[in-house]
Peer 1: 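Dropping a structure here in structure tokens format, bear with me for questions.
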Amino acid sequence: MTPILQAQNVSKIYDMGTTKIEALLGVDIEIGRGEFVAIVGKSGSGKSTLMHILGLLDTPTEGEVILNGINTKGMSEKQLAQVRNSEIGFVFQSFNLLQRTTVLDNVILPLKYSSVPSSEWEKKAKEMIEIVGLQDRLKNKSNELSGGQKQRVAIARAMVNDPSMILADEPTGNLDTKTGEEIINNFLKLNSQGKTIVLVTHDDELAQIAQRKIILKDGCVVK
């Protein structure tokens with residue numbers, strides 16, 4: 001399987017003055033194109049730090065991250081932002097939607113920072129919104145939606161730039177069980193269509209849906 005994401009000897013050390021916190025220690029992982037992988041670990045295991053580094057929201061102290069053939073080591077913040085926007089779709093536990101903005105405009109937002117012509121923004125956004133079944137909510141503001149609907153908007157927004165990978169951080173954490181299952185089914189559907197999904201969670205039961213688990217403990221991959 002062709003790797004879409006590689007983290008090679010990744011370490012992250014936070015310098016707190018007299019104290020150094022070793023959040024990650026020489027992590028090596030490889031994720032294949034089209035895989036559904038869960039990164040699992042308890043609080044303090046380093047999974048949040050790893051998620052930020054894999055998502056190019058933070059840079060490692062040592063090591064490198066290669067995403068879709070692009071080595072991101074040494075990139076400027078502007079370059080990292082460009083790669084993030086084109087290669088990664090993010091889905092967060094807290095949804096991160098613009099609250100008084102319509103569903104359509106929330107999904108359009110990433111396109112404004114892409115090379116897609118503005119004349120195509122609405123069409124592409126509507127296509128993604130239809131995939132998650134919210135075509136009847138286009139003009140609703142996000143603060144008028146249920147939690148499950150908000151997360152479906154977030155998934156549509158994550159997909160709109162046709163990213164190489166979707167990185168989901170505790171995507172069902174703020175949802176009830178039934179709604180959480182609906183969101184997971186969305187991810188399974190996307191994966192069946194060939195999209196690479198990386199799910200970050202502390203919930204081992206949730207991680208069982210993935211094809212493979214990467215387990216972190218004390219900043220190291222243990223399994």
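The model shown is predicted, which means the values in this text are computed figures rather than measured ones.
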Peer 1: Between Trp121 (side chain) and Val116 (backbone), is there a donor-acceptor pair under 3.5 Å?
Peer 2: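 Confirmed, Trp121 side chain pairs with Val116 backbone.
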Peer 1: Taking the side chain as C-beta and beyond, is there a heavy-atom pair between Leu216 and Val222 under 4.5 Å?
Peer 2: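 No, too far: nothing below the 4.5 Å cut-off.
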Peer 1: For Ile214 and Lys223, run side-chain contact (heavy atoms from CB on, under 4.5 Å): C-alpha distance rounded to whole Å, both residues' side-chain angles, the deciding distance at 0.1 Å, then the answer.
Peer 2: CA-CA 6 Å; Ile214 296 171; Lys223 188 176 180 181; over 6 Å; no
Peer 1: For a quick test of reading the model, state the closest non-hydrogen atom pair linking Pro171 to Leu199 and the distance between them.
Peer 2: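 Result for this residue pair: CD-CD1, 3.3 Å.
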Peer 1: List the steps and the verdict of side-chain hydrogen bond (donor to acceptor under 3.5 Å, both in side chains) for Gln211 and Glu35.
Peer 2: CA-CA 7 Å; Gln211 298 162 348; Glu35 267 199 294; over 6 Å; no
Peer 1: Quick check for you: to the nearest 0.5 Å, what is the distance between Glu170 atom CD and Thr201 atom OG1?
Peer 2: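 The distance works out to 4.0 Å.
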Peer 1: To the nearest 0.5 Å, what is the distance between CD1 on Ile166 and CG on Leu190?
Peer 2: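 CG of Leu190 is found 5.0 Å from CD1 of Ile166.
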Peer 1: Which residue pairs satisfy the salt bridge (charged side-chain N to carboxylate O under 4.0 Å, His left out) criterion with at least one member in residues 148-168, sequence neighbours excluded?
Peer 2: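 Found Asp162-Lys195.
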Peer 1: Using every non-hydrogen atom in the two residues, find where Asn68 and Ser164 come nearest and quote the distance to one decimal.
Peer 2: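 Of all heavy-atom pairs spanning Asn68 and Ser164, the closest is ND2-OG, 2.9 Å.
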Peer 1: Are Ile66 and Ile31 co-members of a hydrophobic cluster defined by side-chain heavy atoms under 4.5 Å apart?
Peer 2: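 Result: no, two separate clusters.
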Peer 1: Under the side-chain hydrogen bond (donor to acceptor under 3.5 Å, both in side chains) rule, collect the residues that match up with Asn186, sequence neighbours excluded.
Peer 2: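 Expected list: none.
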Peer 1: Using 0.5 Å steps for rounding, measure from the CG atom of Leu25 to the CD1 atom of Ile13.
Peer 2: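 Answer rounded to 0.5 Å: 7.0 Å.
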Peer 1: Take Phe187 and Ile155, measure what side-chain contact (heavy atoms from CB on, under 4.5 Å) needs, and give me the verdict at the end.
Peer 2: CA-CA 9 Å; Phe187 286 122; Ile155 292 170; 4.1 Å; yes
Peer 1: Can you tell me how far the CD atom of Glu87 sits from the OG1 atom of Thr72, to the nearest 0.5 Å?
Peer 2: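 The CD atom of Glu87 sits 11.0 Å away from the OG1 atom of Thr72.
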Peer 1: Keeping to residues at least two apart or across chains, list the salt bridge (charged side-chain N to carboxylate O under 4.0 Å, His left out) pairs with something in residues 55-83.
Peer 2: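 The answer is Lys12-Asp58.
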Peer 1: Taking a hydrophobic cluster as the set of Ile, Leu, Val, Met, Phe, Trp and Tyr residues connected by side-chain heavy atoms closer than 4.5 Å, whether directly or through intermediates, do Leu24 and Tyr14 fall within one such cluster?
Peer 2: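 No, separate clusters.
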Peer 1: Begin from the C-alpha positions of Gln82 and Asn85 and carry the test side-chain contact (heavy atoms from CB on, under 4.5 Å) through to its verdict.
Peer 2: CA-CA 5 Å; Gln82 290 172 337; Asn85 194 52; over 6 Å; no
Peer 1: For residues 101-109, which side-chain donor-acceptor pairs fall under 3.5 Å, sequence neighbours excluded?
Peer 2:
residue, atom, partner, partner atom, Å
Thr102, OG1, Asp105, N, 3.1
Thr102, OG1, Asp105, OD2, 3.3
Asn106, OD1, Leu98, N, 2.8
Asn106, ND2, Leu98, O, 3.2
Asn106, ND2, Thr101, O, 3.2
Asn106, ND2, Thr102, O, 3.1

Peer 1: Report yes if some heavy atom in the side chain of Leu5 is under 4.5 Å from a heavy atom in the side chain of Met165; otherwise report no.
Peer 2: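 Counting from C-beta outward, Leu5 and Met165 do come under 4.5 Å.
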Peer 1: Which pairs would a plain distance check flag for residues 46-55, meaning a side-chain donor or acceptor within less than 3.5 Å of a matching protein atom at least two apart in sequence or in another chain?
Peer 2:
residue, atom, partner, partner atom, Å
Lys47, NZ, Gly41, O, 3.0
His52, ND1, Ser48, O, 2.7

Peer 1: Can you give me the closest heavy-atom contact between Leu97 and Ser142, atom names plus distance?
Peer 2: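 Heavy atoms only, the tightest pair is CD1-CB, 3.8 Å.
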Peer 1: Can you list the residues that meet the side-chain hydrogen bond (donor to acceptor under 3.5 Å, both in side chains) rule with Ser94, with sequence neighbours excluded?
Peer 2: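 Checked Ser94 against side-chain hydrogen bond (donor to acceptor under 3.5 Å, both in side chains); matches are Asn96.
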Peer 1: More than 12 heavy atoms of other residues, nucleotides or ligands under 6.0 Å from CD of Glu205: yes or no?
Peer 2: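 Open: at most 12 neighbouring heavy atoms sit under 6.0 Å from CD of Glu205.
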Peer 1: Calculate, to the nearest 0.5 Å, the distance between atoms CD1 and CG belonging to Ile184 and Leu175 respectively.
Peer 2: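 Result: 9.5 Å between the selected atoms.
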Peer 1: Where do Pro163 and Gly89 come nearest, in terms of heavy atoms and distance?
Peer 2: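 Looking at all heavy atoms of both residues, the shortest contact is CB-N, 3.5 Å.
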Peer 1: Of all residues at least two apart in sequence or in a different chain, which pass the ring pair (Phe, Tyr, Trp, His ring centres under 6.0 Å) check with Phe36?
Peer 2: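 Counting only residues at least two positions away or on another chain, Phe36 forms no ring pair (Phe, Tyr, Trp, His ring centres under 6.0 Å).
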Peer 1: Report, one line per pair, each donor and acceptor closer than 3.5 Å where one atom sits in a side chain of residues 124-140; sequence neighbours left out.
Peer 2:
residue, atom, partner, partner atom, Å
Lys126, NZ, Glu122, OE2, 2.8
Glu127, OE2, Lys123, NZ, 2.8
Asn140, ND2, Glu144, OE1, 3.2

Peer 1: Are Val37 and Val27 linked, directly or through other ILVMFWY residues, by side chains that come within less than 4.5 angstrom of each other?
Peer 2: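 Yes, it is one cluster - the side chains of Val37 and Val27 are joined through contacts under 4.5 Å.
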Peer 1: Taking salt bridge (charged side-chain N to carboxylate O under 4.0 Å, His left out) as the cut-off, I'd like each qualifying pair that reaches into residues 172-191, sequence neighbours left out, listed once.
Peer 2: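 Residue pairs passing salt bridge (charged side-chain N to carboxylate O under 4.0 Å, His left out), neighbours aside: Lys178-Glu182.
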Peer 1: With a 4.5 Å cut-off on side-chain heavy-atom distances among I, L, V, M, F, W and Y, is there a chain of contacts connecting Val91 to Leu188?
Peer 2: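 Shared cluster, yes.
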Peer 1: List the atom of Gln151, the atom of Phe92, and the distance in Å for their closest heavy-atom pair.
Peer 2: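 Minimum heavy-atom contact is NE2-O, 3.0 Å.
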Peer 1: Under the rule for side-chain hydrogen bond (donor to acceptor under 3.5 Å, both in side chains), what residues qualify as partners of Gln93, not counting sequence neighbours?
Peer 2: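 For Gln93 the side-chain hydrogen bond (donor to acceptor under 3.5 Å, both in side chains) partners, ignoring immediate neighbours, are Asn174.
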Peer 1: Could you report the tightest heavy-atom contact between Ala38 and Ala207, atom names first, then the distance?
Peer 2: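 Looking at all heavy atoms of both residues, the shortest contact is CB-CB, 3.7 Å.
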Peer 1: Filter on side-chain hydrogen bond (donor to acceptor under 3.5 Å, both in side chains), then keep only pairs touching residues 19-29, sequence neighbours left out; what's left?
Peer 2: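 Listed once each, the pairs are Asp15-Lys20.
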Peer 1: Applying side-chain hydrogen bond (donor to acceptor under 3.5 Å, both in side chains), can you list everything that pairs with Asp204, at least two apart in sequence or on another chain?
Peer 2: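 Gln208, Lys213.
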Peer 1: How long is the straight-line distance from CG of Leu80 back to CD1 of Ile70, given to the nearest 0.5 Å?
Peer 2: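 Taking CD1 in Ile70 and CG in Leu80, the distance rounds to 10.5 Å.
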Peer 1: Is any side-chain heavy atom of Val221 closer than 4.5 Å to a side-chain heavy atom of Ile215?
Peer 2: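 SC-SC contact between Val221 and Ile215 ruled out.
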Peer 1: Determine whether Met75 and Tyr113 fall in the same hydrophobic cluster, where Ile, Leu, Val, Met, Phe, Trp and Tyr are linked whenever their side-chain heavy atoms lie under 4.5 Å apart.
Peer 2: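 Cluster IDs for Met75 and Tyr113 differ.
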Peer 1: Would you call Leu56 and Val65 a side-chain contact if the rule is heavy atoms closer than 4.5 Å?
Peer 2: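 Contact flag for Leu56/Val65 side chains = yes.
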